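Everything below concerns the one structure shown next.
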Amino acid sequence: MRKKVVIIGSGLAGSIVAYYLDDQVDITILTKGRRSESNSMLAQGGIAAVMSPFDNKKNHIMDTLVAGAFHNNKEAVDFLVDEGPEVIKDLIRKGMKFDCDDQGNLSFGLEGAHSFARILHSGGDRTGKKVTEFVQKQLSRKITWIEFAMAVDWIIEENEVIGVRYLNSDERMITLKADAFVLTSGGVGQLFNITSNDKSITGDGLAMTARVGGQLTDLEFLQFHPTLLAADKGIHPILISEAVRGAGAVLVNSYGKAIMAGRHEKEDLAPRDVVSRVVNEHIKKGESVYLDISKVENFEARFPFITDYLLQTKSPYQNTKKIPIQPGMHFMMGGIKTDLKGKTSLGNLYAVGEVACTGVHGANRLASNSLLEILAFGQSTAQSILNLLNRDISLVQSDEKTEISHEIQFNLPERSLLKEKVSKTLGIVRKTSEVKDFIAWLSSYQFEFLPERMNKAELEVANLCLVSKEIALAVLNRHKSLGAHYLIEEEQ
């Protein structure tokens, strides 16, 4: 009897796991929206990888550790830098195209906190979309895709996941059993008013795992990207890739002064937490901040996605040579604790990508390591699952057991109010007293346990509440600033 694997999430993480499992097991992929809707599809920066003769793995490892404030799991960093390029080479052999120079050699870009130009791109600033679409096209037609399916909770038996319940496109509850489950649902971007994340990213995987006692770690480390587009209300604040600064753009204030001069030895290419705090300082003073692109050669050709979006939104950048920017929530370094093979604290449950925490990013992710992480750990997770499923037993026929309460009813805050409070309290800088007040405010609501009946909108708010509480508690437990966790009022 063929074993069954359920993957939750259709971005690059879910797709690469399916790619390495394809034709060996029966695969079902649940995705909250369409298969084309994910953070991976929005990723511009590229993939950091040591594939140039002028670079070496030791440098990449050190850059990753320095950016991560040495809070990283060194074993995971070594694995990332060793295994990631091998998966890239595999994809290239299958036909994946990365940008090359006039001689046909791979082109490498420079981004913040990297000591060498090692960033691979595809389609200029469309790398995430190009790689994700390529991998999805490699998947066989045997894979079952279920779109508009929102995962609700795990079915647990003796600390092992044996099933998942989800709300389908009609918001009916469906139960799906399998032998193994892979969570690739992304992070928590929609907790914040300003984020680069897709609208579907509401912390669902983190919340449903926390509800059944799965181990989460390092949630206090949230990365705010310093250069999201600052535009009129109703215009999505897309990421203005760090590669733009790598190509020569400079951050300036309303008076044209370079704001990173003298603030860090790498100036505009300092680690993201440093740049975000400086940009935030100027905005708090009432100034506007811009990316001055006057020194970037061939901007439109090098950054076609950004160019198209700026033109669509009628930005005057062609005349001013400046793009208005603001910091915004971008990436969670923590998540569901896993080993290097994607295993979580719950049997049969694996996690890959932003929802997972191997410790590879430490306290602050190095630019363009996220897609590399997905490739490296996605491949190892798939192999680990195949090793698990070589067992003779099958879990699919197990009896369903669930902790759903039939008496509980949600009592939820307004989503807009929650996001406003989270943005103020758990943002770029934190105050211990404000975090305590936020937890006290949350305590008046009921979101930790699930009622028998719910809709997707309610479940999203409940998940956002639960994840924000977990983040706030993690902030209080980290008494000193470290990396992306920055306190301006520290307890003695």
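Everything quoted here is computed from the prediction, not taken from an experiment.
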Legend entry - Pair Glu373-His361, side-chain donor/acceptor within less than 3.5 Å: yes

Legend entry - Contact list for residues 135-151, test salt bridge (Lys or Arg N to Asp or Glu O under 4.0 Å), sequence neighbours left out: Asp23-Lys142, Arg35-Glu147

Inset, instruction - Please list all pairs passing the ring-ring contact (aromatic ring centres under 6.0 Å, His included) test where one or both residues lie in residues 206-230, with sequence neighbours left out. - result: His71-Phe221, Phe192-Phe224, His225-His330

Inset, instruction - Using atom types as modelled and distance alone, determine if a side-chain donor or acceptor of Asn455 lies under 3.5 Å from a backbone N or O of Glu458. - result: yes

Inset, instruction - Sequence neighbours left out, what passes side-chain contact (heavy atoms from CB on, under 4.5 Å) with Tyr445? Give chain and number order. - result: Asn411, Pro413, Trp441, Phe447

Inset, instruction - Name all residues meeting the side chain to side chain donor-acceptor pair (under 3.5 Å) criterion together with Arg453; count only those two or more places apart in sequence or in a different chain, and write none if there are none. - result: none

Inset, instruction - Can you establish whether the number of heavy atoms outside Glu420 located under 6.0 Å from its atom CD is more than 12? - result: no

Legend entry - Thr195 side chain to Gly328 backbone, donor-acceptor under 3.5 Å: no

Legend entry - Donor-acceptor contact below 3.5 Å, side chain Ser345 vs main chain Gln215: yes

Legend entry - Sidechain-backbone polar pair: Tyr166 side chain, Leu176 backbone, donor-acceptor under 3.5 Å: no

Legend entry - Polar side-chain atom of Asn348 near backbone of Glu160 as donor-acceptor pair, under 3.5 Å: no

Inset, instruction - Applying side-chain contact (heavy atoms from CB on, under 4.5 Å), name anything that partners Leu473, two or more places apart in sequence or on another chain. - result: Ile439, Lys469

Legend entry - Check ion pair Glu37-Lys199 (N to O, under 4.0 angstrom): yes

Legend entry - Expected output: side-chain Asp125 to main-chain Phe305 donor-acceptor under 3.5 Å: yes

Inset, instruction - Output the distance between atom CG (Asn193) and atom NZ (Lys424), rounded to the nearest 0.5 Å. - result: 13.0 Å

Inset, instruction - Could I get the full list of side-chain contact (heavy atoms from CB on, under 4.5 Å) partners for Thr64, not counting sequence neighbours? - result: His60, Asn72, Val77, Leu366, Asn369

Legend entry - Salt bridge flag under 4.0 Å for residues Glu171 and Lys456: no

Inset, instruction - Quick one: closest heavy-atom pair of Gly335 and Leu206, and the distance? - result: CA-CD2, 3.8 Å

Legend entry - Side-chain donor or acceptor of Arg430 paired with backbone N/O of Glu220 under 3.5 Å: yes

Inset, instruction - Would you list the pairs meeting ring-ring contact (aromatic ring centres under 6.0 Å, His included) in which at least one residue belongs to residues 22-48, sequence neighbours left out? - result: none

Legend entry - Basic-acidic side-chain contact under 4.0 Å: Asp179, Lys4: no

Legend entry - His264 side chain vs Val275 backbone, donor-acceptor pair below 3.5 Å: no

Inset, instruction - Starting at CG of Leu426, measure out to CZ of Phe438 and round the result to the nearest 0.5 Å. - result: 5.5 Å

Legend entry - Reported OG-to-CE distance for the pair Ser185 and Met150, which is rounded to 0.5 angstrom: 10.0 Å

Inset, instruction - Say whether Asp22 and Ser140, considering side chains only, have a donor N or O and an acceptor N or O under 3.5 Å apart. - result: yes

Inset, instruction - Without swapping roles, check the side chain of Thr344 against the backbone of Tyr350 for a donor-acceptor pair under 3.5 Å. - result: no

Inset, instruction - State which residues pass side-chain contact (heavy atoms from CB on, under 4.5 Å) with Arg263; sequence neighbours excluded, sorted by chain then number. - result: Met260, Val278, Glu281

Legend entry - Test applied, side chain to side chain donor-acceptor pair (under 3.5 Å); reference residue, Thr31; option that passes from Ser10, Ser36, Ser200: Ser10

Inset, instruction - Please name all residues satisfying salt bridge (charged side-chain N to carboxylate O under 4.0 Å, His left out) with Lys74, sequence neighbours left out, ordered by chain then number. - result: Asp78

Inset, instruction - Hey, could you give me each pair passing side chain to side chain donor-acceptor pair (under 3.5 Å) that has a residue in residues 201-213? Not counting sequence neighbours. - result: Lys32-Thr202, Lys32-Asp204, Trp154-Thr209, Thr202-Asp204, Asp204-Asn463, Arg211-Asn463

Legend entry - Side-chain H-bond candidate by donor/acceptor type, Asn197 with Gln190, under 3.5 Å: no

Kindly list each side-chain donor-acceptor pair under 3.5 angstrom involving residues 374-383, sequence neighbours excluded, with atom names and distances?
residue, atom, partner, partner atom, Å
Ser380, OG, Leu340, O, 2.8
Ser380, OG, Phe377, O, 3.1
Thr381, OG1, Lys341, O, 3.4
Thr381, OG1, Phe377, O, 2.7
Gln383, NE2, Asn387, OD1, 3.2

Legend entry - Thr358 backbone acceptor or donor facing Asn73 side chain under 3.5 Å: yes

Inset, instruction - Mind checking salt bridge (charged side-chain N to carboxylate O under 4.0 Å, His left out) for Asp308 and listing every partner two or more places apart, or none if nothing turns up? - result: Arg126

